2 protein chains.
Amino acid sequence: MVENCNAPCCVNCETRWDNFNNLNEDDLNYVCENRHIAEFQPGEIIFKQGAPISSAVFLTKGIAKMYIEGFDNKRMIIGIAKQNKLIAGPGTYVDERHHYTVSALTDVTACFIKMDVLKGFVHTNGKFAEGWLKDISEKSLKTFYRFLSHTQKKMHGRLAETILYLADEVHGSDQFTMLLSRQELGELSGMAKESVVRILKDFNEDKIIDDKCPYIKILNKDRLKMISNMG
Amino acid sequence: MVENCNAPCCVNCETRWDNFNNLNEDDLNYVCENRHIAEFQPGEIIFKQGAPISSAVFLTKGIAKMYIEGFDNKRMIIGIAKQNKLIAGPGTYVDERHHYTVSALTDVTACFIKMDVLKGFVHTNGKFAEGWLKDISEKSLKTFYRFLSHTQKKMHGRLAETILYLADEVHGSDQFTMLLSRQELGELSGMAKESVVRILKDFNEDKIIDDKCPYIKILNKDRLKMISNMG
DNA sequence: TTTAAGCATTGATATTTATCAATACGCAGG
DNA sequence: CCTGCGTATTGATAAATATCAATGCTTAAA
């Protein structure tokens, strides 16, 4: 982890949290003063499940995986963190503990902002409070639907969904470098790593994707969507 | 559904939302004026997935099931609604639509409060906003852990967890009338109804529970907890 | 260049879980 | 008291999925 104190101010930040649009320039400068920036290398832990939440975390560069360490040392990856999003999770207003671990998948620059500062705005700025409610609600809904799909879809559907998630929500492209191992893909889609391998092979043979080691390309997105929807 | 306009005011309501403690008497009277009370019989739908959210809903009497209607007409029961809790879900600040259906399990009295009224308090009352954030966060966390257990636990663990949930969180007693059918227990714990039957039989034979048709009694709670924890 | 470590792949097998079909049970209406 | 209907139960079977073991592949350190 490397400190870096020469980052531009939040006022003009391109990668800041959407909800910061509800703050004025003075507010943003105040945020800036209570901020702390650090860099991480792939594999490094940004924060750890169970640790107290002192700061809100935002990524300004790179992506990270968020995972719960569950029973039996099994992990469940709940999503990929990226810029413009608050990464601090639902513990903030419950027990002030992180409920999942976040670790860098690429080189990551992360911005830590004292949680007390953000909590303060909730008291004085209704729009900001509303924005935060909206933020949590959206995440909650997403968790919901991932839950539903895990409960009701079979493996092919879940993996198709995961590939679409990576393409659409994480990389914004149908062709990207796969940063997750088979093990991690399994943790994200709820199956054993061997199952991931076999299903990717199926998708390859059916020319739905082209999976050449570190690169993956979606060849037949409609088909992939159909598989995802039908389970 | 039966209307009932002679209910006591929110100011002294015993079953009101915890977050109403952050409102003063004037606020509460205002809430009261924008309220609407109705009664439901078992099986009746209180609100429906996909319908627009115009009001926040609270139960003042009885319990109800909240379920998502998913792929293939399969249902996932996400929890049992009861008093003191906001039942309106995460759609409020996202798309103003209900994302699940709620239907009465017992005779239910429900209180509908115009959502605009509550949203208004968020702008003017920081404590109230914070309370709402806390409310959503808690629910979100619960969904999280249910998700985790569905992904990682096997059927016995999931059903044990469900029985503990019903005892501790819904009925507040280790002995209660089972209001859910085997089908519904399956929808709540993510398995086929036949599997519910078989596992309940196992638990009965092992003297962990005593399941006499409409009544159920936990005989060995430690054991049940262990099964729930170990998966 | 060799070696070791970790990840990916594959096949065989075991486990878990759902589905199907048949029957039993309980209860409301005639 | 019978009848029908929905739910519960049970057993047999099939499908889905995990686990285990062996092997190959890639890469980084010695």
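Because the structure is a prediction, the values reported are computed rather than measured. Proteins come first, then strands; the chains are lettered A, B, ... in the order of their sequence lines, and each starts at number 1. The basis for the numbers below is simple: all heavy atoms, side chains too, and nothing from hydrogens, waters or symmetry mates.
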Worksheet entry | Atom-pair distance (NZ on A:K212; P on D:dT26), nearest Å | 14 Å
Response to the item:
The nucleotide from C:dT17, C:dT10, D:dA8 with an atom nearest the side chain of A:R198 is C:dT10
Worksheet item: Under 4.0 Å: is that the gap between some side-chain N or O of A:S195 and OP1 or OP2 of D:dT17?
Response: no
Practice prompt. State which of C:dA8, D:dA8, D:dT17 makes the closest approach to the side chain of B:S181.
Written response: D:dA8
Practice prompt. Specify the separation, in whole Å, of atom CE of B:M155 and atom C1' of D:dA16.
Written response: 13 Å
Worksheet item: What's the CG-C1' distance between B:D202 and C:dT16, to the nearest Å?
Response: 13 Å
Fill in: Gap between atoms CG and C1', on A:N73 and D:dT19 respectively (whole Å)
17 Å
Worksheet item: Would you say A:K61 has more than 12 foreign heavy atoms packed within less than 6.0 Å of its NZ?
Response: yes
Item to complete: Could you check if a side-chain atom of B:T177 sits within less than 4.5 angstrom of a side-chain atom of B:I216, using non-hydrogen atoms only?
Response: no
Worksheet item: For A:E169, does the CD atom sit with more than 12 other heavy atoms under 6.0 Å from it, leaving out its own atoms?
Response: yes
Worksheet item: Atom CG of B:D211 and atom C1' of D:dT7: how far apart are they, to the nearest Å?
Response: 14 Å
Worksheet entry | Length of the line joining B:I199:CD1 and D:dT9:C1', which is rounded to integer Å | 14 Å
Worksheet item: What nucleotide, of D:dC20, C:dT17, D:dA8, holds the atom closest to the side chain of A:E194?
Response: D:dC20
Worksheet entry | Length of the line joining B:K153:NZ and C:dT16:P, which is rounded to integer Å | 16 Å
Worksheet item: The side chain of A:K201 lies closest to which of these nucleotides: C:dC20, C:dC7, C:dG11?
Response: C:dG11
Discussion item. Checking side-chain polar atoms at under 3.5 Å, does A:E69 have a donor or acceptor matched by the opposite partner on A:T101?
Written reply: yes
Discussion item. Closest approach to the side chain of B:R182, judged atom by atom: which nucleotide of C:dA18, D:dT9, D:dT17 is it?
Written reply: D:dT9
Discussion item. Rounding to an integer number of Å, can you tell me how far A:L179 CG sits from C:dC7 C1'?
Written reply: 16 Å
Discussion item. Among C:dT16, D:dT9, C:dT9, which nucleotide has an atom closest to any side-chain atom of A:V197?
Written reply: C:dT9
Worksheet item: What nucleotide, of C:dT17, D:dT19, C:dT10, holds the atom closest to the side chain of A:K74?
Response: D:dT19
Worksheet item: Do B:D211 and B:R182 sit within salt-bridge range, that is, some charged N less than 4.0 Å from a carboxylate O?
Response: yes
